[in-house]
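Notes follow once the structure below has been shown.
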Amino acid sequence: MEIKGKKVLVVGLGKSGLAAALFLRHQGAQVTVSDVRSADVLAKDIPALIDEGIAVEAGGHGLLTFRRQDLIVVSPGVPIDTPELVQVKKFGLPIIGEVELAAHYLRGHVLAITGSNGKTTTTSLCGEILKAAKLPTQVGGNIGVPVIALVEDSREDGWSVLEVSSFQLETTYEFHPEIAVILNITPDHLDRHGTFENYAAAKERIFARQTADDALVLNADDEAAKSAAARASSRIFWFSRAKVVRQGAFVHNGVIAFRASEQSAAEPVLKVEEIPLKGAHNVENVLAAVCAARLAGVDAETIRAAVMQFQAVEHRLEFVATIHGVEYYNDSKATNVDAAMKAIAAFPGGIHLILGGKDKNPDYRQMRALLTERVKAVYTIGAAADKIFTHIDGAVPIVTAGTLEEAVARAGAVAQAGEILKAACSSFDQFENYEHRGRVFKETVQARRGEKTLA
Ligand code: ADP
């Protein structure tokens with residue numbers, strides 16, 4: 001892709017937009033950045049861009065700015081039905097995402113992971129396993145470092161382990177991982193993708209460019225992920241918690257095993273009980289990682305040792321503290337109903353659950369049976385509280401707490417021994433993001449130390 005001297009517009013000045021703008025400029029493009037947020041909000045990034053000779057349009061998008069370009073690089077946070085993008089698309093202007101841009105420059109092997117839930121955990125785990133095998137490895141994408149920022153240090157004999165979201169995949173065309181993983185496809189982000197079909201189609205772009213030389217790792221226990229096999233040209237490897245698979249990773253007699261092909265013998269990798277992460281969903285993440293790592297050439301013993309050392313990523317069913325016999329878990333990253341249900345299912349019962357935030361139009365009714373079975377009380381917070389109440393009323397006692405602090409105080413006061421989790425919605429109504437919400441939760445919990453409980 002020749003971009004020297006080309007006029008390129010980067011839409012959206014998030015982490016990846018910033019990295020893309022700087023990269024393009026260093027490649028000799030004439031770069032403009034456009035963001036709907038005001039110059040005040042963007043103040044911390046603007047001087048560095050101007051210094052680099054990058055033009056900045058803040059506080060809105062100008063259609064003319066869009067029309068003057070040779071290429072548009074759109075950030076994952078910007079909907080592709082933004083009116084200015086729709087307009088210029090009609091004129092045939094290429095519109096790509098930062099992952100697609102990076103794909104043209106990245107050297108070496110790519111292992112890419114997508115799914116509705118479990119991406120960060122599985123991506124981090126794969127990264128750790130490959131590093132343990134002494135393979136030159138970089139980890140990035142929707143986690144930590146944008147893909148474009150990995151380009152400079154990428155090498156022909158190395159691996160880029162990438163977490164890719166549906167928003168990022170929506171704008172990929174040539175992106176071509178040699179190992180692709182789809183963990184699961186359950187309803188999420190329907191506020192932006194419109195329908196489940198659109199959302200699933202975006203995820204399936206992860207293998208759109210794959211050939212029979214590439215591998216696609218799919219969850220045999222997930223209907224939508226499973227059905228993707230019919231549209232793939234790659235070699236399919238399955239992972240399953242429930243059954244033995246022809247080719248891939250599975251659980252048999254409490255042992256995770258890998259089978260390289262239908263003809264080969266199953267090779268034991270590690271015992272399920274050796275996995276240090278909580279919950280059946282994490283067994284799925286480990287199965288996917290075992291499969292991907294074996295395909296990347298890592299031996300079973302190295303995989304086992306790396307999995308056994310792996311700690312939960314922050315905000316993912318992260319243990320916070322035990323106070324007055326009550327265990328507190330931070331699951332702020334569970335920002336959809338399926339993730340929240342998997343987290344609840346990781347505990348036998350006695351759960352005081354904090355639920356709420358800005359909702360993405362999910363159906364909380366599907367939680368009813370599980371709530372009745374395992375949850376003592378739900379404490380609602382944020383904008384989704386009313387809807388949650390309507391959907392789960394009668395299944396479980398509900399306390400309308402309003403804020404996270406109030407919810408922790410109310411739950412902490414009555415919980416005797418058990419767990420407190422927080423989960424299920426995105427966080428943008430009361431917090432900057434899920435990390436912020438998770439940190440506030442942890443600080444609020446820690447502040448309870450020394451306080452007397454009413455129980
Ligand atoms: P993602 O990056 O896809 O959001 P994470 O690894 O950050 O996924 O995990 C987010 C939350 O999703 C976890 O806190 C847990 O509640 C839930 N989760 C993790 N793995 C899975 C899985 N394989 N299936 C369903 N839910 C999962």
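Computed from a predicted model, the values in this text were never measured in an experiment. As the structure lists them, so they are numbered: ligands from 1, and atoms in each ligand from 1. Both backbone and side-chain heavy atoms feed into the values below; hydrogens, waters and symmetry mates do not.
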Distance under 4.0 Å to a non-hydrogen atom of [X]: what atoms of ligand 1 satisfy this?
X    : value
T121 : 5 (P), 6 (O)
N184 : 22 (C), 23 (N), 24 (N)
A343 : 16 (O)
E163 : 2 (O)
A334 : 16 (O)

From atom 15 (C) of ligand 1, work out which of H281, R316, R241 has a heavy atom at the shortest distance. H281
Proximity winner for atom 12 (O) of ligand 1, if only heavy atoms of A339, A346, G438 are counted: A339
Taking atom [atom1] of [X] as the centre, report whether more than 12 heavy atoms of other residues, nucleotides or ligands fall under 6.0 Å from it.
X    : atom1 : value
K243 : NZ    : yes
D386 : CG    : no
Q311 : CD    : no

Check whether the side chains of E327 and Y329 place a donor and an acceptor atom closer than 3.5 Å, and report yes or no. yes
Just by distance, with hydrogens left out, do R437 and S332 show a side-chain donor and acceptor under 3.5 Å apart? yes
Nearest protein heavy atom to [atom], by residue and atom, and its distance?
atom                    : value
atom 27 (C) of ligand 1 : N117 CB, 3.4 Å
atom 4 (O) of ligand 1  : K333 NZ, 2.4 Å
atom 13 (C) of ligand 1 : D331 OD1, 3.6 Å

Please indicate whether any nitrogen or oxygen in [X] is less than 3.5 Å from any nitrogen or oxygen in ligand 1.
X    : answer
G118 : yes
T120 : yes
D338 : no
H315 : no
N285 : yes
A340 : no

May I ask you to check whether F250 and F258 place their ring centres under 6.0 Å from each other? no
With sequence neighbours left out, the residues meeting side chain to side chain contact (heavy atoms under 4.5 Å, CB included) with A224 are I185, F196, D222
Angle between ring planes, F441 versus Y328, binned at 30° and 60°: parallel, tilted or perpendicular?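 Judged by the thresholds at 30° and 60°, the geometry between F441 and Y328 is tilted.
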Pairs meeting criterion side chain to side chain donor-acceptor pair (under 3.5 Å) with involvement of residues 131-147, two or more places apart: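 As it turns out, the side chain to side chain donor-acceptor pair (under 3.5 Å) pairs with a partner in residues 131-147, which skip direct neighbours, are N142-E163.
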Answer yes or no for M341: is there a heavy-atom contact with ligand 1 below 4.0 Å?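 Heavy atoms of M341 never come under 4.0 Å of ligand 1.
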Tell me the contacting part of K342 for ligand 1: side chain, backbone, both, or neither, using a 4.0 Å heavy-atom threshold, strictly below. side chain
Check E406 with R410, please: is the shortest side-chain N to carboxylate O separation under 4.0 Å? yes
Please report the interatomic distance OG1(T211) to CG(D213), rounded to the nearest 0.5 Å. 4.0 Å
